[in-house]
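Here's the structure we're looking at; comments come further down.
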Amino acid sequence: MAKWLVGADGGYSRVRRTVGDGRAPTFLGTFSWWGSATEAQLAAAGADWPLPLRGPRQPITRNATYMPPGNRLSTTGARNLLTFRTPPCEGPGAVDGDEGAGRDVALWYMESQSAAMAAEGVDPSPEGPILRHAAADGGAVALARALRMASHLPPDVRAFIAATPPQRVLEKALHSHPLDQQEHSSWTNGRGLVLVGDAVHASGRPDGQGGNLAFEDAACLAAHVRRHGLGQQAFDAFAAARRPRVTAIRGDCKPPFAVRKALVDGSMFEPLWGPQDLPSKAELEGELLPELGASQNAEEAGHGHSSAGTISEELKRKVLAWSLRRCWAIADRRTGGLMLAVPAAEQVVETEQKVQPEKQAMTASVRA
Ligand SMILES: Cc1cc2nc3c(=O)[nH]c(=O)nc-3n(C[C@H](O)[C@H](O)[C@H](O)COP(=O)(O)OP(=O)(O)OC[C@H]3O[C@@H](n4cnc5c(N)ncnc54)[C@H](O)[C@@H]3O)c2cc1C
């Protein structure tokens with residue numbers, strides 16, 4: 001019914017299957033498991049962190065990986081495990097209600113190739129849904145299968161995995177959209193549909209690029225819509241621009257991680273911004289600093305319009321206007337002059353105020 005449709009519904013895109021080229025992703029011959037637990041749940045199960053993650057809490061997430069020698073997370077590793085110890089999220093009850101509050105959180109991610117599973121007597125059949133054993137009802141099955149694939153790991157690691165509550169375990173069969181099946185018509189059907197992100201180029205595994213490519217798709221599509229207007233012409237231009245880059249970055253996933261990493265790094269964008277984008281001395285002295293100085297002097301004299309630790313609304317507006325102009329200039333440079341006029345700072349403040357309650361509600365719901 002819609003005139004224009006942007007399909008951004010992920011690797012198993014229903015949009016693509018129903019109104020795109022009809023393709024579903026293909027099985028990669030690898031399964032993955034995710035699990036998480038609170039520190040309290042680990043303790044209740046008589047387990048501890050894997051050895052490298054023990055000791056006092058640190059303000060950063062730490063991880064310990066268990067890979068075949070000379071390997072990294074990649075198609076070439078028959079069995080890979082990543083374990084994380086992450087500081088608690090802000091707010092109460094980050095995981096499973098209040099018991100998670102203020103305690104570190106345990107996360108793990110495991111991958112296993114079909115051949116290793118068959119050798120271990122774990123069914124690796126390719127047929128079946130992508131989400132093979134879901135947390136709500138299949139978590140116990142997923143956990144049991146993961147534990148069998150962890151049989152080669154040290155006892156502390158196995159105990160760590162075994163302590164995960166089954167409802168917090170998920171098993172997936174990894175699928176991807178093969179690059180050799182990518183045509184222009186995979187991206188856009190010529191009748192008002194365009195796909196972005198995993199819907200069109202899911203690599204199927206956490207290779208550190210899928211999210212980046214999805215963000216780039218969104219920015220590039222927006223730029224082409226600005227240039228051509230919303231419609232098929234923009235969608236065609238977008239697809240033509242994106243296909244070579246996505247192909248270059250995703251490329252062939254068979255080479256070892258180190259080789260692929262070098263390829264990925266080689267095709268990365270230049271840094272988004274640099275010291276040249278900071279305000280010049282003249283700009284600082286002319287626009288921002290006198291205001292700041294005046295506001296501080298007024299404060300020190302005891303009759304300022306700004307209270308301690310805050311700056312005046314007028315100065316806030318100036319700083320916001322400056323940073324908006326600067327961000328706009330960076331985006332304009334990066335899109336080859338595609339950006340339209342910079343919106344007035346007031347307009348941005350207004351929009352920000354309007355979306356504020358929505359943002360708060362969203363944050364609350366994410367926390368919940
Ligand atoms: C373990 C793991 C680690 C990763 N690590 C990285 C990394 O470090 N760096 C990186 O760049 N990428 C990483 N990726 C890849 C990255 O997560 C994906 O490439 C990225 O999320 C794709 O974004 P997307 O918006 O296209 O699809 P998704 O993030 O899958 O979003 C699609 C959305 O559409 C919704 N949806 C689906 N069907 C429907 C429907 N019928 N109706 C309504 N909504 C629907 C889904 O619920 C979902 O919210 C990782 C992936 C995994 C699995």
Side-chain angles (χ1 to χ4, degrees), residues 1-2 5-20 22-25 27-28 30-36 61 63 65-67 72-75 77 79-84 86 105-113 129-136 142 146 161 164 168-179 182 186-188 193-222 238-239 242-243 245-251 253 257 260-261 263-265 267-269 272 362 365-366:
M1 302 274 289
L5 178 60
V6 179
D9 52 344
Y12 201 59
S13 169
R14 178 180 294 259
V15 172
R16 180 170 182 174
R17 285 178 290 127
T18 50
V19 281
R23 286 203 167 106
F27 181 50
L28 281 169
T30 306
F31 283 78
S32 69
W33 293 263
W34 284 265
S36 67
T61 294
N63 73 78
T65 58
Y66 300 84
M67 310 279 178
R72 291 286 309 272
L73 190 62
S74 72
T75 44
R79 303 180 191 201
N80 301 308
L81 173 73
L82 278 74
T83 58
F84 299 89
T86 192
V105 176
L107 302 162
W108 55 269
Y109 173 80
M110 191 160 92
E111 258 187 37
S112 199
Q113 289 180 351
I130 290 181
L131 193 57
R132 202 50 71 92
H133 299 290
I161 296 174
T164 319
R168 302 205 66 86
V169 185
L170 196 71
E171 179 180 327
K172 277 175 106 176
L174 296 184
H175 283 65
S176 85
H177 289 297
L179 282 178
Q182 284 254 333
S186 309
W187 291 73
T188 174
L193 160 75
V194 68
L195 296 171
V196 294
D198 275 12
V200 61
H201 50 66
S203 79
R205 56 176 25 86
D207 60 1
Q209 290 305 314
N212 291 326
L213 289 175
F215 283 130
E216 283 182 15
D217 284 351
C220 183
L221 178 60
F238 158 76
R242 291 301 291 158
R243 277 182 66 203
R245 179 163 169 84
V246 167
T247 310
I249 290 189
R250 267 202 47 202
C253 288
F257 184 84
R260 290 183 48 227
K261 173 105 174 40
L263 285 172
V264 167
D265 289 348
S267 60
M268 269 185 183
F269 283 136
L272 187 58
M362 210 188 284
S365 112
V366 167

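Both ligands and their constituent atoms are indexed starting at 1 by order of listing. Only heavy atoms go into these numbers, but all of them, side chains included; no hydrogens, no water, no symmetry mates. Numbering of residues begins at 1 and proceeds along the displayed sequence.
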| task | Specify side chain, backbone, both or neither for Ala202, according to which of its non-hydrogen atoms lie closer than 4.0 Å to ligand 1. | result | neither

| said: Closer than 4.0 Å to some heavy atom of Gly197 - which atoms of ligand 1 meet that? | reply: 26 (O)

| request: Report yes if some N/O of Tyr109 lies less than 3.5 Å from some N/O of ligand 1; otherwise report no. | output: no

| field | Result of checking Val200, Asp217, Leu221 against Arg242 for side chain to side chain contact (heavy atoms under 4.5 Å, CB included) | value | Asp217

| message | Within ligand 1, which atoms have a heavy atom of Ala8 less than 4.0 Å away? | response | 32 (C), 33 (C), 34 (O)

| said: Does any N or O of ligand 1 fall below 3.5 Å from an N or O anywhere on Ala199, backbone included? | reply: no

| query | Judged by atom type as modelled, is there a donor-acceptor pair below 3.5 Å linking the side chain of Arg16 to the main-chain atoms of Tyr12? | reply | no

| note | A student checking ligand 1 against Trp34 at a 4.0 Å heavy-atom cut-off should list atoms 1 (C), 53 (C)

| note | Sorted by chain and residue number, the side chain to side chain contact (heavy atoms under 4.5 Å, CB included) partners of Ala239 (sequence neighbours excluded) come out as His184, Trp187, Thr188

| note | Logged contact type for Tyr12 with ligand 1, heavy-atom cut-off 4.0 Å, is neither

| For Phe27, what residues pass the ring-ring contact (aromatic ring centres under 6.0 Å, His included) criterion, not counting sequence neighbours? | Phe31, His175

| task | Please assess Thr61 against Leu107 for the test side chain to side chain contact (heavy atoms under 4.5 Å, CB included), listing each intermediate value before the final yes or no. | result | CA-CA 10 Å; Thr61 294; Leu107 302 162; over 6 Å; no

| message | Is it the case that the side chain of His177 and the backbone of Gln182 share a donor-acceptor pair, with hydrogens and angles ignored and the cut-off at 3.5 Å? | response | no

